[in-house]
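Reading through the structure tokens given below for one structure.
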Amino acid sequence: MSRHFRHLLSPGRIGAMELRNRIFMTPMGSNLADEDGITGERLRAYYVERAKGGAALITMGSVSIGYPDGSGNWRNEAISDERHIPGVRALADALHAHGAKLAIQLQHAGLVAMNDMLAGRPLWTPSIPLVGKDSGDMMEGFLEDEYRIFTAPMAAMGEIRFQVMTADDIKALIAMFARAAERAVRAGVDAIELHAGHGYLISSFLSPLSNRRDDDYGGPIENRARLLCEIIRAVKATVGPDVPVWPRLDSQHFLIDGGITVEDAAATARLAEAAGADAIHVSADGHPGRGATYSTGHATDIPNNFVAAAARIKAGLGIPVICPGRIEPEDADRFIAAGKLDFVTMGRKLLADPHLPRKLAEGQREAVRPCIYCYTCISQIFFSRPVKCAVNPETGFELERTLPRTAAPKHVAVIGGGPAGMESARRLARRGHRITLIEATGRLGGTAQFASIAYKPNQGIVDWLKRELRAEGVEVRLGTPATPELLRNMGVEEVVVATGARRAMPAIPGADRANVYSGDDMRKLMLGQDLGAIADKTGWATRAAMKAGAMTGLTKRPGFIRTASEYWMPFGDTVAIVGGELVGLELAEFLAKRGRKVIVLDEGAKFGAGLQVVRRWRVLDELKELGVTLLPEASDIAIGDKTVSYRNTLGQTRTIHADEVIVAKGATGDTTLAEQLRAAGFSVHTAGDCTGVGYIEGAMHDAAQLAETI
């Protein structure tokens, strides 16, 4: 065991269930089940990989107790019928073979039971809801194509009907949970989790916002928690004392007044313990119509966001507390040692690297592939797509992307040292090929290195890829242009071109002014590269400072640039950004946090293309809090003397002041080098932004597909 994670990696116990460490896989919807809620080979492979990686407990997420009735997602996992048992049994056996335990999170989706809506069945609810997904800004954050996909099922639903639950309905629900738990135990499941959070049916009884009943199930917290406690008692009576049972509770409601408070959650937890719960799993929820809910509650973007609530809840209990919420291993170890929580769940981290627990135990913390918190994984659920991960292209594809050793090793040249090139080199090397990576500049990382200045998590994946190249023995040649002559002299048999996008300045009147920066100009400025090319845009003092940083190596450290930029940047008070996609919005947030007044203009009606929807909701919310002005559908943009003019949707020409203008658009694919090398007789493959801008996700998934073909 690594001495650095002594508490996190120590064995634990919940009830009679012994666990090899304190790391659980967070229950998450995956959309990987077979039709009819069956746990099939694809879903099994997804969970088994996390068991191989050392997680102590795998929890199947949002498993329907009445499928299709009360089920929430396309390809929802289920345990509502005898036909579901064989698949779960096969999963339990496979997980046990790798030393992990299996819990099943039983769920009735209630007000968000999509399959009930589609079938015209009334939604079970404690009371007629007053606040829904159409009550906030969530819909505004969808791009036009996303909005069509998200709302398409609604067109087939007709009018949504509600069934305020009667006493008989409540009895039927309790029996459904008990029968589902009994099937799960017969299938070899080790523990039962009851989903009592996130707006699903049990949580709607717990929340005073959605429960306005005046009977024994409404009013004070003891009544609102009555349904949960009756379900716990029924399940415990069914499965017996040796099978742990616990609820997942919202510790609080964010972004809305009148919901669950931490004191409510602490009281509910005490009542659940008295009813027989063996643990409490803490989570959080928020306004159902606010996009930021999904990165504040649920899968929070805020490090350790639920720990204080977990500690408050634990203080009144005699049973273990399980806590999620963007907790790094070092913090988890510290919190367990301090008695603030007992177990930590990791969702996104185990999608990015299923073998995180094993690597920690082996003393290889630096080998853990980091999550970049881009919300690619969670965003899929809104469009009825299977789970995937931006940085781990094997997640959700465990059966297909297995990296078998090649029977015919080749010498492969990979041209380009960004994420696509590095991941291609890494994967091909793991297959047994001899790899030489050629990068024209003096450093690895490509555009992602620059992007990590504005968005810190990107640096983690760049650093990890660099480490992996060293570990795999990849030869790296920096400062080396790739020419046909070089490749012939090297004797390469295959070539991968991953040279990134071409960034041309769009045809905007005034774009040649000295106070106008393209994306490439910004990269040169911030990284201290080729400063002579932007001499007309910067003063001698700025160039001297950045050159000194480059000579000392400081500008190779994005963390240093992020910190230094909080004190000094060569920009005036007001900056206009032309381009409202991922790059433009990340720059806007970066500059606004450093005290600049920022205006973003875009010809499109929606902002944030390139950002996954859950992260986009958060970025748009933060930009609003920072006072950033967004001007959509701005046409006829022209740059004047410290001004930007544009035509608005009313046909009016408007002019704004801007000390500097950054043009964050114009990137396109560029396969020129690939075509030249093919013409020279080489066998050439392409990956990453040179084939079209796909950011880190596109780079990593392109590399995975390419590695299968050589």
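Small disclaimer: the values here were computed from a predicted structure and weren't measured. Along the sequence shown, residues carry numbers from 1.
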Does anything in [range] pair up under ring pair (Phe, Tyr, Trp, His ring centres under 6.0 Å), and if so which pairs, sequence neighbours excluded?
range            : answer
residues 233-262 : none
residues 84-105  : none
residues 158-200 : H195-H198, H195-Y200, H198-H298
residues 314-346 : F24-F343

Side chains of [X] and [Y]: does their closest heavy-atom pair fall under 4.5 Å?
X    : Y    : answer
I336 : L341 : yes
D278 : I319 : no
P208 : I260 : yes
V48  : L95  : yes
L102 : Y47  : no
M28  : I378 : yes
T345 : M25  : no
M138 : H287 : no

Exercise: identify the closest heavy-atom pair between [X] and [Y]:
X    : Y    : result
P357 : L9   : O-CD2, 4.2 Å
L360 : P329 : CD1-CB, 3.8 Å
G199 : D285 : N-OD2, 3.2 Å
H281 : P27  : CE1-CD, 3.8 Å
E35  : I38  : O-CG1, 3.4 Å
R369 : P393 : NH1-CD, 4.4 Å

Enumerate the salt bridge (Lys or Arg N to Asp or Glu O under 4.0 Å) contacts for [range], please, sequence neighbours excluded, ordered by first and then second residue.
range            : answer
residues 387-401 : R50-E398, K388-E697, E394-R427, R401-E708
residues 312-327 : E263-R312, D301-R326, K314-D342
residues 113-127 : D69-R121, D116-R121

Open item on the list: Check this for me, if you would: do D93 and R89 make a salt bridge, where the nitrogen-to-carboxylate-oxygen distance has to be below 4.0 angstrom?
Closed with: yes
- [ ] Would you mind checking if R226 and E230 are paired as a salt bridge, meaning a charged N to carboxylate O distance below 4.0 Å?
- [x] no
Does [X] have any side chain to side chain donor-acceptor pair (under 3.5 Å) partners at least two apart in sequence or in another chain, and if so, which?
X    : result
R615 : E586
E18  : R13
R385 : none
S210 : none

Side-chain donor/acceptor of [X] to backbone N/O of [Y], under 3.5 Å:
X    : Y    : value
R358 : G53  : no
S135 : G132 : yes
T261 : D264 : yes
T125 : V164 : no
N211 : Y217 : yes
E193 : A103 : no
W617 : R290 : no
R248 : G197 : no
S64  : G66  : yes
D81  : R83  : yes

Open item on the list: Using ring centroids (six-membered ring only for Trp), state whether F382 and Y294 fall under 6.0 Å.
Closed with: yes
Distance-only polar pair, side chains of [X] and [Y], donor-acceptor under 3.5 Å:
X    : Y    : result
N76  : S71  : no
Q380 : N31  : no
S127 : R212 : no
T296 : R618 : yes

Task: Test side chain to side chain contact (heavy atoms under 4.5 Å, CB included) applied to L228 and T268, step by step - done: CA-CA 9 Å; L228 170 63; T268 300; 3.9 Å; yes
Open item on the list: For E182 and R186: C-alpha separation, side-chain torsions, deciding distance, then whether salt bridge (Lys or Arg N to Asp or Glu O under 4.0 Å) applies.
Closed with: CA-CA 6 Å; E182 186 274 332; R186 276 197 285 125; 2.5 Å; yes
TODO: Mark yes when over 12 heavy atoms from residues, nucleotides or ligands other than K359 sit less than 6.0 Å from its NZ; otherwise mark no.
DONE: yes
Open item on the list: Counting only heavy atoms from other residues, nucleotides and ligands, does the tally under 6.0 Å from CD of E41 exceed 12?
Closed with: no
Task: Contacts of type ring-ring contact (aromatic ring centres under 6.0 Å, His included), residue F397, not counting sequence neighbours - done: none
TODO: Give the intermediate values and the outcome of side chain to side chain contact (heavy atoms under 4.5 Å, CB included) for residues L118 and M157.
DONE: CA-CA 5 Å; L118 288 170; M157 287 178 188; 4.1 Å; yes
